[in-house]
Amino acid sequence: MLWKMKPARRRLNSDELSLCLASFLHTEMLEGSDATVIHIGDRSERRIAMTAGAALAGRPSVYWQTAYHDTTFPPLGYTHAAVINKTGEDRALGYDIEPLKQALKKPRAVTAPSSSQRIGIAMNAFAGPEVAELCRSVLSAFPSATLELRTHPRIASPNLGDLPKEANIRPRGEALSAFCDTCDIVLCGNSAVQIEMLLLGVLVIHIPGLDDHGFDLYRYVAEGVTYGTTDLDRHSVDAAIQFYAAAEWPDRLLQHVSPPSDACRPISALWTTE
């Protein structure tokens, strides 16, 4: 019978219906406008709906690459991608999206700290009560240190457990460079922010214990970009200094963060005409 040949269908659940309605509302809002939608940050339903609405309305949309490992662009009809490295540029071209080059700063050389009394801890969005335990472990290795904790900017009120008095939570929204200026060294878990801190010249040590994703999720340690250890002690700082002083290390970092090619137009091309 004919009805048996029809494809299987199912009803959309309430979340899916809400996403569709939000996309159509953004379509109606953007139709006939001269707006460009720029997608920065996580892939929340709100951002997905706005980007899908732009595609349905025939308006340009830009995926903003926020981290060096962020090279998978969702299939939401982007017309451009604002990229920070050659890998992002190549991936955008593979998706038939025009890459545009973000304004990039030149990397600084990682300098050996004069002391290790001010220890920064940079967390990702998955950090939880295990951070308090980690702080105590760090203080057992560096008993005279103070700890400067940088929470993920997307998390308003993180539950970090019962922190020791030596731990100071930095202001939310503080510039990364300002946080780094308060630290002699920075401990970092599975977060791309460690690459940004290396580019700022900060001595970074990758460690486990800041989330439940284990050690070296993004393989920065395995690829020789970041110094990492699963057994942090005072000797780790000397080992990190030696690691970053190696003649071949800058090339490994620059290979990882290799900038887009000269053929890639600047992001300013979105709003300027030649």
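Residue indices begin at 1 and follow the sequence shown.
- Under the 4.5 Å side-chain criterion, counting only non-hydrogen atoms from C-beta, K86 is in contact with E89.
- Atoms OG1 and CD1, on T230 and I207 in that order, are 10.5 Å from each other to the nearest 0.5 Å.
- Residues satisfying the side-chain hydrogen bond (donor to acceptor under 3.5 Å, both in side chains) test with D216, not counting sequence neighbours, are none.
- Between the side chain of R252 and the backbone N or O of G224, at least one donor-acceptor pair lies under 3.5 Å.
- No continuous path of hydrophobic side-chain contacts links L30 to I48 [ILVMFWY only; heavy atoms under 4.5 Å].
- Here F24 pairs with nothing under the ring pair (Phe, Tyr, Trp, His ring centres under 6.0 Å) rule; sequence neighbours left out.
- Between I205 and T229 the shortest heavy-atom distance is CG2-CG2, 3.9 Å.
- Atom SG of residue C135 and atom NZ of residue K165 lie 12.5 Å apart, to the nearest 0.5 angstrom.
- The structure places OG1 of T79 at 7.5 Å from CG of L270, a figure rounded to the nearest 0.5 Å.
- In this structure, the side chains of L210 and V131 come closer than 4.5 Å at one or more pairs of heavy atoms.
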Under 3.5 Å, which donor-acceptor pairs link side chains of residues 241-251 to any protein atom two or more places apart or in another chain?
| unit_1 | atom_1 | unit_2 | atom_2 | d |
| --- | --- | --- | --- | --- |
| Y244 | OH | V204 | O | 2.6 |
| Y244 | OH | Y227 | N | 3.0 |
| W249 | NE1 | V225 | O | 2.8 |

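- Within the 4.5 Å cutoff, side-chain heavy atoms of C264 are placed close to those of V83.
- Note on L93 and V62: separate hydrophobic clusters, where clusters join Ile, Leu, Val, Met, Phe, Trp and Tyr whose side-chain heavy atoms are under 4.5 Å apart, directly or indirectly.
- Annotation: side-chain hydrogen bond (donor to acceptor under 3.5 Å, both in side chains) contacts of S44 (sequence neighbours excluded): R47.
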Please lay out, stage by stage, how T151 and L160 fare under the test side-chain contact (heavy atoms from CB on, under 4.5 Å). CA-CA 9 Å; T151 59; L160 303 180; 4.1 Å; yes
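- Around the CG atom of N13, the shell of radius 6.0 Å holds more than 12 heavy atoms that belong to other residues, nucleotides or ligands.
- Residues forming a salt bridge (Lys or Arg N to Asp or Glu O under 4.0 Å) with R43 (at least two apart in sequence, or on another chain): D70.
- Judged purely by distance below 3.5 Å, without hydrogens or angles, the side chains of E45 and S18 never pair a donor atom with an acceptor atom.
- Taking 4.5 Å as the limit, every side-chain heavy atom of M123 sits out of range of all side-chain heavy atoms of H152.
- The local environment of CD in E28 is sparse, with at most 12 non-hydrogen atoms from other residues, nucleotides or ligands closer than 6.0 Å.
- In E223, the CD atom is crowded: over 12 heavy atoms of neighbouring residues, nucleotides or ligands sit closer than 6.0 Å.
- At least one donor-acceptor pair under 3.5 Å links the side chain of Q194 to the backbone N or O of G189.
- Under a hydrophobic clustering in which Ile, Leu, Val, Met, Phe, Trp and Tyr are joined whenever their side-chain heavy atoms come within less than 4.5 Å, directly or via other members, W64 and L100 fall into the same cluster.
- Atom CG of N85 and atom OG1 of T71 lie 7.5 Å apart (nearest 0.5 Å).
- To the nearest 0.5 Å, atoms CG (L203) and CD1 (I185) are separated by 6.5 Å.
- The minimum heavy-atom distance between A132 and L163, with the atom names listed, is CA-CD2, 3.9 Å.
- Across A81 and I97, no two heavy atoms sit closer than the pair N-CG2, 3.5 Å.
- Taking the side chain as every heavy atom from C-beta outward, V221 and F215 approach each other to under 4.5 Å.
- With 3.5 Å as the limit, one finds a donor-acceptor pair spanning the side chains of H39 and Y78.
- The CG atom of D15 lies 11.0 Å from the SG atom of C20; values are rounded to the nearest 0.5 Å.
- Between the side chain of R265 and the main chain of K101, no donor-acceptor pair closer than 3.5 Å is present.
- Of all heavy-atom pairs between C180 and M197, the closest is SG-CG, 3.7 Å.
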Would R234 and S116 satisfy side-chain contact (heavy atoms from CB on, under 4.5 Å), going step by step from the backbone distance to the final call? CA-CA 9 Å; R234 301 194 68 86; S116 53; 3.9 Å; yes
Verdict with reasoning, F179 to V186, per side-chain contact (heavy atoms from CB on, under 4.5 Å): CA-CA 10 Å; F179 164 71; V186 176; 4.1 Å; yes
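- The two residues A145 and I119 come nearest to each other via the heavy atoms CB-CD1, 3.9 Å.
- At least one side-chain heavy atom of P164 sits less than 4.5 Å from a side-chain heavy atom of L139.
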One pair to check against side-chain contact (heavy atoms from CB on, under 4.5 Å): F142 and D184. What are the steps and the verdict? CA-CA 13 Å; F142 302 87; D184 297 316; over 6 Å; no
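- Heavy-atom minimum distance, V193 versus R150: CG2-NH1, 4.0 Å.
- The side-chain heavy atoms of V202 and R108, taken from C-beta on, include no pair separated by under 4.5 Å.
- Within 6.0 Å of NE2 on H235 lie no more than 12 heavy atoms contributed by other residues, nucleotides or ligands.
- Remark: R136 CZ is packed, more than 12 non-hydrogen atoms of other residues, nucleotides or ligands lying under 6.0 Å away.
- The cluster map of Ile, Leu, Val, Met, Phe, Trp and Tyr, joined by side-chain heavy atoms under 4.5 Å apart, puts L147 and I169 in the same cluster.
- Residues that satisfy the side-chain hydrogen bond (donor to acceptor under 3.5 Å, both in side chains) test with E16, not counting sequence neighbours, are R10.
- Under the 4.5 Å side-chain contact rule for hydrophobic residues, L134 and L217 share a cluster.
- The main-chain N or O of Q102 is never found under 3.5 Å from a side-chain atom of Q65 such that the two would form a donor-acceptor pair.
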